[in-house]
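Below is one structure, written out as structure tokens; the observations come after it.
All values below were derived from every heavy atom in this structure, side-chain atoms included, with hydrogens, water molecules and symmetry-related copies excluded.
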Amino acid sequence: QVQLVESGGGLVQPGGSLRLSCAASGSIFSSKPMHWYRQAPGKQREWVAVITAGGSTNYADSVKGRFSISRDNDKNTLYLQMNSLKPEDTAVYYCYAPVDYWGQGTQVTVSS
């Protein structure tokens with residue numbers, strides 16, 4: 001069983017930055033690829049980024065060059081550094097671990 005708890009969301013102005021965290025329970029964290037997804041109001045949940053157990057990363061085109069995913073296996077924690085935020089980044093952000101483990105989400109609102 002894996003439990004995921006996100007934190008770090010909030011209200012930020014366009015161009016600002018936030019860092020999201022996802023604390024994972026269970027010793028299997030270090031062996032799993034970890035993902036960030038987001039869901040904007042009225043839209044389907046969309047994939048944002050992934051980091052493999054070995055540390056390789058990949059990003060959705062919409063966030064490439066602005067967001068950075070990382071992990072600290074000693075702390076069982078996943079991160080998402082978000083820079084140059086835009087209003088269209090407004091969404092609930094979720095971390096995900098296979099197979100089918102989701103956190104409760106953290107709200108990110110980008111607005112002036």
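Note that the OH atom of Tyr93 and the CD atom of Gln39 stand 12.0 Å from one another [nearest 0.5 Å]. Rounded to the nearest 0.5 angstrom, Tyr79 OH and Cys95 SG are separated by 12.0 Å. Ser30 contributes atom OG, which lies 9.0 Å from atom CG of Asp74 (distance to the nearest 0.5 angstrom).
Classification of the Tyr94-Trp102 ring pair by plane angle, with boundaries at 30° and 60°, yields perpendicular.
Taking the ring axis of Phe29 as reference, the NZ or CZ atom of Arg71 stays within 45° of it and closer than 6.0 Å to the ring centre.
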Step by step, would you call Ile51 with Ser56 a side-chain contact (heavy atoms from CB on, under 4.5 Å)?
-> CA-CA 5 Å; Ile51 184 166; Ser56 297; over 6 Å; no
List the steps and the verdict of side-chain contact (heavy atoms from CB on, under 4.5 Å) for Tyr59 and Val48.
-> CA-CA 6 Å; Tyr59 300 90; Val48 173; 5.8 Å; no
Show the numbers, then the answer: is there a side-chain contact (heavy atoms from CB on, under 4.5 Å) between Cys22 and His35?
-> CA-CA 10 Å; Cys22 172; His35 301 253; over 6 Å; no
So Tyr96 and Met34, side-chain contact (heavy atoms from CB on, under 4.5 Å) or not? Walk me through it.
-> CA-CA 6 Å; Tyr96 169 82; Met34 296 294 298; over 6 Å; no
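Side-chain contact between Leu80 and Phe67 is present, with heavy atoms from C-beta onward closer than 4.5 Å. Side-chain contact check for Leu11 versus Ser111: some heavy-atom pair is nearer than 4.5 Å. Looking at Arg38 and Val63, their side chains come closer than 4.5 Å, going by heavy atoms from C-beta outward. Put simply, the side chain of Leu18 reaches to within 4.5 Å of the side chain of Val108, judged on heavy atoms.
Pairing each heavy atom of Pro98 with each of Pro33, the nearest pair is CD-O, 3.1 Å. When all heavy atoms of Pro14 and Ser112 are compared, the pair lying nearest together is CD-N, 3.7 Å. Of all heavy-atom pairs between Ala24 and Leu4, the closest is CB-CD2, 3.6 Å. In this structure, Lys32 and Val99 approach most closely via the heavy-atom pair NZ-N, 4.1 Å.
The existence of a salt bridge linking Asp89 and Lys86 is excluded, since no basic side-chain nitrogen approaches an acidic carboxylate oxygen closer than 4.0 Å.
Using a distance-only test at 3.5 Å, with no hydrogens or angles considered, a donor-acceptor pair links the side chain of Glu6 to the main chain of Gly105. Counting only distance, with no hydrogens or angles, the side chain of Asp72 and the backbone of Lys75 share a donor-acceptor pair below 3.5 Å. Under a 3.5 Å cut-off, the side chain of Thr77 and the backbone N or O of Ala23 do not form any donor-acceptor pair. Between the side chain of Trp36 and the backbone N or O of Leu78, no donor-acceptor pair lies under 3.5 Å. At distances below 3.5 Å, not a single donor-acceptor pair connects side-chain atoms of Thr90 with backbone N or O atoms of Thr109.
Neither side chain, Tyr37 nor Arg45, offers a donor N or O lying under 3.5 Å from an acceptor on the other. For the residue pair Asn83 / Ser17, a side-chain donor-acceptor distance below 3.5 Å is found, with atom types taken as modelled.
Atom NZ of Lys64 has more than 12 heavy atoms from other residues, nucleotides or ligands within 6.0 Å. By the neighbour-count criterion of 12 heavy atoms within 6.0 Å, atom CD of Gln104 is densely surrounded, having more than that number from other residues, nucleotides or ligands.
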